[in-house]
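Each remark here refers to the structure printed beneath this line.
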Amino acid sequence: MKSHTKVAVIGGGVVGCSVLYHLTKAGWKDVTLIERAELTSGSTWHAAGGFHTLNSDPNVAKLQAYTVGLYKEIEEISGQSCGLHLTGGLQLADTPERLDWLKMAHARGRYLGMETEIISAAEAKTLMPLIDESYFVGALWDPIEGHLDPYGTTHAYAKAARMAGAEIVLHTRVTELTQNAGGTWKVVTEQGTIEAEHVVNCGGLWAREIGRMVGLELPVLAMEHHYILTEDMPEVADVVATTGKEVVHAIDFSGEIYTRQERQGLLLGTYEKEATPWSPKETPWDFGQDLLEPNLDRIAPSLEIGFKHFPALEKTGIRRIVNGPFTFAPDGNPLVGPVKGLKNFWCACAVMAGFSQGGGVGLALANWMVEGDPGFDVWAMDVARFGDWATLGYTNAKVRENYSRRFRIRFPNEELPAARPMQTTALYDKMIAQGAVMGDSWGLETPLWFAPKGVEPKDVVSFRRSNDFPHVKAECRAVRERVGVTEIANFAKYSITGPGAEAFLSRIMTNRMPRTGRIVLTPMLNETGKLIGDFTIAKAGEERFMMWGSSQAQIYHMRWFERHLPLDKSVVIKPLGMSLVGLSIAGPKARDVLAKVTDDDVSGAAFRFLDFRETHLASVPVMVNRVTYTGDLGYEIWVAPEYQRRLYEKLMEAGEEFSIANFGMRALLSLRLEKNWPTWFRELRPIYGPYEADVGRFVDLKKNDFIGREKAAEEKESGGKLRRVTFAVDADDADVLGDEPIWHDGKVVGWVTSGGYAHYVERSLAQGYVPKELLADGAEFEIEIIGERRKAAIEPEPIFDPEGARMRG
Ligand SMILES: Cc1cc2nc3c(=O)[nH]c(=O)nc-3n(C[C@H](O)[C@H](O)[C@H](O)COP(=O)(O)OP(=O)(O)OC[C@H]3O[C@@H](n4cnc5c(N)ncnc54)[C@H](O)[C@@H]3O)c2cc1C
């Protein structure tokens, strides 16, 4: 083993080998993979080897499509076969809801260029003669599905990487990691120490242990997973003889099973409801190419369904049962990217579908390391998406929940119960007592809507408008016609102080910083001029700023801020987490409510739109922003958590004469729709530029230089490619949810980012991106909602208060 390397990749499973290959492909040749045993010695060797492109996140689906397309390339380069079987696959729907879900997946696939098809149960039977079609109502056919040889594939990546100059060190365990003062790493192994500029954790089953070497507790857990291999089946031989092809893959959602041909029999795997973690606290180092004791009782309920739905199985013997562990993050997506606070320490772990995702993960990570940017929208798998609340216990509960629901539908209005409540504010019990239906907002319980007396505070899950509809409408009306109050503790909050604070913010944000006592709204761009943040910033004092952003992106943003902080320590940026919580009051009577809890002059002239104040309300020390996301006259009031309860009670008392009402996140999101306002991670993502996203008015190209300025100027000049627009949709009982295709002239030309019912203006609205050329000619559009194309007309101006008179008033 050499003494120095640019990158030490720890772990020679399919993911580590893909990362190694992609690093060499991106031009870094001095890279070393260190493997404890032989390649594939974690979960890789006993995988069923299935691959597919469908994923509920279109950005992950894109990376999966890349992975599947890559196998030919690595076979050609390495001369090592991946053992590809591209059979195509069926996803079988047993209920109309599941078929709706498949129709939506099919629609999403359209703008990704995927050629899936929705077919009848009878057509499914023709493609897969082994099913009893009477159990199904339809299916989705995906031609780009199949399976491969896990061993051959991993070796193909490894060989291709070696041919490009990479080194692979086997039978060498990494035992310790320490960082040198300059930021390089001492990688201590059983065979000596190697100095590395970068370290990548591809430890698979041991990713958690490698994380612990650097003080990280990664939210990752291994689960036991079974598949069975049957004896040879004459029915399989028949299919092969009559079709001349292998039996296609099939997923049967009701049985939680997947199946494919293996030799002349079938392989059948299951994500059973009785999900069982493996080694929940620590993975033993002496676990090698081992399997776990099978437990047929645990998978029996799924097998019974399998025997009914695939009748030939019942007559067949089981040749072998495999029970092996593999890892998951709490939401089932990988953990990829640089780790905040640890220079040059990278993760590529919790990859639960290594053969669908491993290539995309390797590509994104290599881009990120070499170019400074993953080159794709990888938020869904960014290691930064979990906060401190994703503890060992949380991860255990969520991974078990996610595993047992792997083939279950997650409805758009469905909140999952595991590991909740995790964080609550002081108002939690009060909100519940008033009928709040709570949602999980980055680990924090947040009111979604309020059930009036006599109505059960519970969501009826659906793809269509549901039981919350009249109640959210009432909340929206309360805001627009009187005054409403909502909790906003779930925003991210930061303080930025020090002599360099203003210069720092001016350098990373696109808008000019405000004068003391004023607020600006500002996007943040990366070097390529794409949107990586959207903030509200107030200047609280000479060297003191307050900033609010998206809670989900706190770690993601802190990682960026830390990277750009000046080395002279002239700036201190502190995420305030739950040490600052908030309430927002909004509506035409909001000022009257405010006036009743303060002696300050809060008239429109004295306390203007976009003013910031530090003051007392109801004797409570607060910060007040004269701005709200409702687009109405309103205030965001920020307090220390110990004062929140008093503040809420006093606001409710003051608001009584105006019939103040609680409103939740769903009303807030509905109200912003009728203002055409975007949301972070839906409309604003790192694949769009600020002019495309229609937030160009918050980009000041004339102020000082800032990150992404040059690219932003180019985009302004060219107009970019896309444009974010709002559509009024001719909807029936279902509104858009996000990711629906937008049609024009018989072709899919764009996609929906978010939308829903705008209750106050009583319109179904959708926001999305379309090529900017299409906006000129009053073009006609359609949006596909659950398999039906609905007329959609562009609304160039906000339907509610286009002049903004209400919020400025
Ligand atoms: C029964 C079963 C069926 C599956 N079926 C499929 C399927 O059909 N399709 C699919 O896509 N996926 C499937 N999977 C999941 C798939 O196996 C994983 O997604 C994939 O193997 C993850 O690869 P990895 O490289 O991240 O981790 P691993 O394969 O666990 O590799 C990690 C490697 O790191 C090494 N290592 C760890 N710590 C150290 C250290 N300190 N020093 C040196 N080396 C170290 C280990 O020895 C190991 O080789 C299945 C898994 C199981 C168990």
Side-chain angles (χ1 to χ4, degrees), residues 8-20 32-52 64 67-68 89 145-151 153-154 157-158 168-177 187-191 199-213 220 222-229 249 251 258-260 262 267-271 278 283-292 294 299 320-328 332 334-336 347-359 361-362:
V9 176
I10 307 175
V14 65
V15 175
C17 292
S18 166
V19 168
L20 194 73
T32 308
L33 184 146
I34 306 169
E35 165 54 49
R36 191 180 64 97
E38 292 289 340
L39 295 182
T40 76
S41 293
S43 43
T44 298
W45 73 277
H46 51 239
F51 59 79
H52 54 94
Q64 294 191 181
T67 303
V68 175
E145 249 189 78
H147 59 276
L148 46 66
D149 165 22
Y151 178 91
T153 301
T154 308
Y157 276 127
I168 295 181
V169 181
L170 299 177
H171 300 287
T172 303
R173 177 156 73 90
V174 172
T175 55
E176 213 182 306
L177 291 166
V187 182
V188 183
T189 78
E190 291 168 328
Q191 316 295 336
V199 167
V200 190
N201 178 358
C202 297
L205 291 175
W206 295 266
R208 203 175 32 182
E209 281 65 28
I210 294 172
R212 286 175 187 157
M213 290 179 194
V220 54
M223 299 296 290
E224 294 194 12
H225 183 73
H226 286 85
Y227 61 78
I228 60 165
L229 297 161
H249 279 225
I251 289 178
Y258 59 90
T259 182
R260 67 164 170 87
E262 173 74 15
L267 176 154
L268 183 142
T270 168
Y271 285 83
W278 176 70
T283 308
W285 287 111
D286 60 359
F287 187 80
Q289 291 200 343
D290 298 311
L291 288 176
L292 309 173
I299 62 170
R320 194 168 160 229
I321 307 175
V322 172
N323 179 14
F326 66 118
T327 54
F328 295 77
L335 297 171
V336 181
C347 276
C349 37
V351 184
M352 60 80 54
F355 300 97
S356 297
Q357 300 175 336
V361 165

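Hydrogens, waters and symmetry mates play no part in the numbers below; they use all other heavy atoms, side chains included. Being a predicted model, the structure only gives us computed values, none of them experimental. Every number for a ligand or one of its atoms is a count from 1 in the order of the listing.
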Describe, in one word, how the ring planes of Tyr271 and Phe326 are oriented to each other, choosing from parallel (under 30°), tilted (30 to 60°) and perpendicular (over 60°).
-> perpendicular
For residues Glu35 and His171, is any side-chain donor paired with an opposing acceptor at under 3.5 Å?
-> no
Using a 3.5 Å cut-off on N/O to N/O, what pairs does ligand 1 make with the protein? A line per pair would be great.
| unit_1 | atom_1 | unit_2 | atom_2 | d |
| --- | --- | --- | --- | --- |
| ligand 1 | 5 (N) | Ala48 | N | 2.9 |
| ligand 1 | 8 (O) | Gly49 | N | 3.1 |
| ligand 1 | 8 (O) | Gly50 | N | 2.8 |
| ligand 1 | 9 (N) | Gly50 | N | 3.4 |
| ligand 1 | 9 (N) | Gly50 | O | 2.9 |
| ligand 1 | 11 (O) | Gly50 | O | 3.4 |
| ligand 1 | 11 (O) | Gly354 | N | 3.2 |
| ligand 1 | 11 (O) | Phe355 | N | 2.8 |
| ligand 1 | 17 (O) | Ser43 | O | 3.2 |
| ligand 1 | 19 (O) | Val351 | O | 2.6 |
| ligand 1 | 19 (O) | Met352 | O | 3.3 |
| ligand 1 | 19 (O) | Gly354 | N | 2.8 |
| ligand 1 | 21 (O) | Ser43 | OG | 3.3 |
| ligand 1 | 21 (O) | Thr44 | N | 3.2 |
| ligand 1 | 21 (O) | Thr44 | OG1 | 2.9 |
| ligand 1 | 23 (O) | Thr44 | OG1 | 3.3 |
| ligand 1 | 25 (O) | Val14 | N | 3.3 |
| ligand 1 | 25 (O) | Val15 | N | 3.1 |
| ligand 1 | 29 (O) | Ser43 | N | 3.0 |
| ligand 1 | 29 (O) | Thr44 | N | 2.9 |
| ligand 1 | 29 (O) | Thr44 | OG1 | 2.5 |
| ligand 1 | 30 (O) | Ser43 | N | 3.0 |
| ligand 1 | 30 (O) | Ser43 | OG | 3.4 |
| ligand 1 | 30 (O) | Leu205 | N | 3.2 |
| ligand 1 | 41 (N) | Val174 | O | 3.1 |
| ligand 1 | 42 (N) | Val174 | N | 3.0 |
| ligand 1 | 44 (N) | Arg36 | N | 2.9 |
| ligand 1 | 47 (O) | Glu35 | OE1 | 3.4 |
| ligand 1 | 47 (O) | Glu35 | OE2 | 2.6 |
| ligand 1 | 47 (O) | Arg36 | NE | 2.8 |
| ligand 1 | 47 (O) | Arg36 | NH2 | 3.2 |
| ligand 1 | 49 (O) | Glu35 | OE1 | 2.7 |
| ligand 1 | 49 (O) | Glu35 | OE2 | 3.3 |
| ligand 1 | 49 (O) | Ser41 | N | 3.3 |
| ligand 1 | 49 (O) | Gly42 | N | 3.4 |

Can any side-chain N or O of Thr172 pair as donor or acceptor with the backbone N or O of Leu170 at less than 3.5 Å?
-> yes
Is the backbone N or O of Gly50 less than 3.5 Å from a side-chain atom of Glu145, with the two atoms forming a donor-acceptor pair by type?
-> no
Are the side chain of Glu209 and the backbone N or O of Thr283 linked by a donor-acceptor pair below 3.5 Å?
-> yes
Between Ser41 and Gly288, is there a donor-acceptor pair closer than 3.5 Å when you use the side chain of the first and the backbone of the second?
-> no
